[in-house]
Amino acid sequence: MALLEPSTITILVLTGIFSSSIIFLISAGLQIVFGIQRILNLTVGSFYAIGAYVGITFINFFLKMGFSVVYGLLFLILAGLSLSFLGPTIERGVLNFVYKKEEAFQLLATFGLVLIFEDMIKLIWGSYPQISDFGILTYGEFRFLDTSFPVYYFLVIISAFLIAFLLEFFIKKTRQGKKMRSVADDIEMSEGLGVKVRNIYILSFTIGTVLGTLAGALIIPVTAAVLGMGIEAIVLAFAVVVIAGLGSMRGALLASLIVGLLQAFITFIFPELTTFVIYLIVIAVLLIKPTGLMGKEI
Amino acid sequence: MKKILSGNLFFTLILIALLALVPYIAPPFYVYLTLTSLAYIPVVIGFNILFGYTGLLSFGHGLFLALGMYTTAFLMRNYTMENLEVLILASALSAFIVGLGVGYICVKYTRIYFALLTLAFGMVFYTLLIKFTPITGGDEGLRITFKPLLLGLDFRYLPHLDFLFQPYYYYVLGIVIILTVLAYIIVSSHFGLSLKAIKENSEKAEALGINIKRFRLYSFVISAIYTSIGGALLAHITSHVTPIFSYWTTSGEIVFMTLLGGFTNFFGPIIGVFVYTLLRDFIMSTIIYWRILFGAALLLIIIFVPGGISEGLIRIYKHFKGA
Amino acid sequence: MILEVENLNVFRDGSHILRNVSLEVKKGEMVCLVGRNGAGKTTLLRTIMGYIKPKSGTIKFLGRNITGHSPHEVSILGIGYSPDDLKIFPSLSVEENIELPLITRKYNKFMVKEGLDYIYSVFPVLQSYKNKPGTHISGGERRMLAIARALVTRPSLILLDEPFEGLAPIMRSRLGDRLKVLMEQGLTLFLTSSNLYGIPEGANRIYCIERGEIIYHGNLKEMLSDKQVKEVFGLI
């Protein structure tokens, strides 16, 4: 086993926080839809994968057009946002028909969507991993003690925090946010006071979608887009929301940090045990506090 | 009522007769698919005792399928255990033990939490299978290199496919018939009715004096044993067991087969297994993008015919009878 | 005419819950629907609000047929509703609870402020708790909050399901006084009660419902001498 030197620890902590940021965005997408629609939306993993593929297509296109690589991050964010149309499409086209069905069927419907998206990606981009021309070191490196990290990591971490802050502000302060909270509390009473629940459903699902596509777009300078990345992401994000407590946004922030850091350290020490350890924690949390660290009562 | 019952019996006998004829009339490839389907019947029956009759959706039933397969492969390789009956009993026993432990924890929860917890256990088992290479063979899994004894009879002189398509086929058919009849007795018994009462209204069932958690646990363990025996039967057909059988996609397939055939009817999942296995092969060999079709089929079933093929058939039957 | 209900029939799980119910509420009236628990009061209110689709019959609001409209349409058209179980939103503060119906009508900032001021003048106690979570106040205050939500848009008709239920006597009379003041301001009120004591003294007309059927309609004094009503409430 490798010795954990201070510089190694710093690297692991930083990469851990970086993956936490990405994991947070995906799990926040799960949480918001669960909070409003009470559906565990596995599709968010597919949105993550689509975000990555479209991000690569976007960035390579803009670089070919002669834009400077300096705008890379901007193009990625643009790619993530441009996919927001998927939200209303899927919500109206599919989820709309399963709201009144049993929970099991709702979960299975999103599973069906995951299967469909998996192959759509294959159909459009093929089976080979896709790589962007946007290198991770585009924004240079940051030196600290004996080690150095890509500045891009910091940019992503800051973006994730910014998004978390915006989400909190949106839900707490805006009119749409207030309507969303009322629907999360009690659909019938919200309707009786004039809330058009349909619109809130579309809104929350779209926010969930964009969180997923943004996370996918932001990860591509670090890793290639590969088939199955959506499923891998959903497995992690699912662990996060169970640890956090279904529907809790703050819980998701905390649990993403735990899972991201654990992932970084365990991958370094016992590479193959990562999923195992994370899922052991999931089981432990479900046993000790089934509502998660910050969840409401079942 | 009696007439319907005898009608059912009549159809069942015809079906069994047809299945018995398959090795003689069907091309080898379809015999293989039918055999695979037969091995999956205990799997879906087990799954549906939990889902259709107890109302608990397990998204980790791949765990028990893989458990049966690995128990078989492990005992054959390491202890040269040859008797298929012993291997089946051993798979059932390991499922009993693991099912009791996992089930004890899982049945404390219902609905989405139950689904999530079973999914988590499936994933943990999957990573264990990959990690503990000395026992499980890791990513590669384990190969089964020799044929088991059937009722003590040695068929090792037969070529592999001849063994599968003749003695093994009928052996599996026999086991599956016994297990199916047994399951039918279980769900029609007082116990089965209690499970249904719990599913429909757990508070009322509790008021009637049914110990809900204990009944759910029994149901879980029976379900695990059935699925594991299915795995034990399947292992000799694939002769190669890999961790993928414990992965959540396999668990998803089990759910899919059951829904396709119809979880509301006892025989629904059995129809689902045959249709799924035959269709999957047909579609996978002709269309690369089979997931799109399966995903779409799943959505259509959920939205329009939650009762699956069996519900669809009943609807058509009633339509024509009414017209 | 504010509200006209004609020959309403409602079934749930195979049982006939409302049988040919007809009633009306005129502008500026306070009408009380009295009936025992399970007689169909809540079902009638929920059907008017659009939560339940009737099998037959019509509901007219301000002369307009609203049968089969969804609850949010009914609400926007101008019916305020306070359910018997209050349904205060725990994730919203007291003030946000009151604001919600104004927000859904897309009122601007000043109109929202004006609405809040109006409510705080009617129920001053709510102002002192305005930043508390909606469920962290006493039962009586929650009742007021639920009524405030129904009232804040100054709708043409307010439906109150058992507004006096579970209130201490002092709170009852206080709430009764408030309602009287509101009536003087020109409000139209349709409320329910499960007992004869819950009928406010200002009620213009009373309907008595039993097993989904209107068995009496008239004023309070005559009602108390009606044989059927007496039987239902055990006054014989």
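In what follows, chains are A, B, ... by sequence order, proteins preceding strands, each numbered from 1. All heavy atoms count here, side chains included; hydrogens, waters and symmetry mates do not.
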Can you establish whether the number of heavy atoms outside [X] located under 6.0 Å from its atom [atom1] is more than 12?
X: C:K113; atom1: NZ; value: no
X: A:R92; atom1: CZ; value: yes
X: A:F161; atom1: CZ; value: no
X: A:F105; atom1: CZ; value: yes
X: C:K55; atom1: NZ; value: no
X: C:K60; atom1: NZ; value: no

Measuring from [X]:[atom1] to [Y]:[atom2], what's the distance to the nearest 0.5 Å?
X: A:R175; Y: C:L100; atom1: CZ; atom2: CG; result: 10.5 Å
X: C:L86; Y: A:D186; atom1: CG; atom2: CG; result: 11.5 Å
X: A:M180; Y: C:L92; atom1: CE; atom2: CG; result: 12.5 Å
X: C:K87; Y: A:S182; atom1: NZ; atom2: OG; result: 12.5 Å

For [Y], is there any backbone N or O sitting under 3.5 Å from a side-chain donor or acceptor partner on [X]?
X: C:T104; Y: A:L193; answer: yes
X: C:Y51; Y: A:E188; answer: yes
X: C:S91; Y: A:R181; answer: no

Subject >> Contact summary for A:V195 and C:H72, nearest pair of heavy atoms >> reply: O-CB, 3.3 Å
**OP:** Measure across C:S75 and A:G194 and return the closest heavy-atom pair with its distance rounded to 0.1 Å.
**Re:** OG-N, 3.1 Å
Subject >> A:M189 and C:F89, any side-chain heavy atoms less than 4.5 Å apart >> reply: yes
Original post:
Among C:M49, C:E96, C:E99, who wins on heavy-atom pairs under 4.5 Å with chain A?
Top reply: C:E96
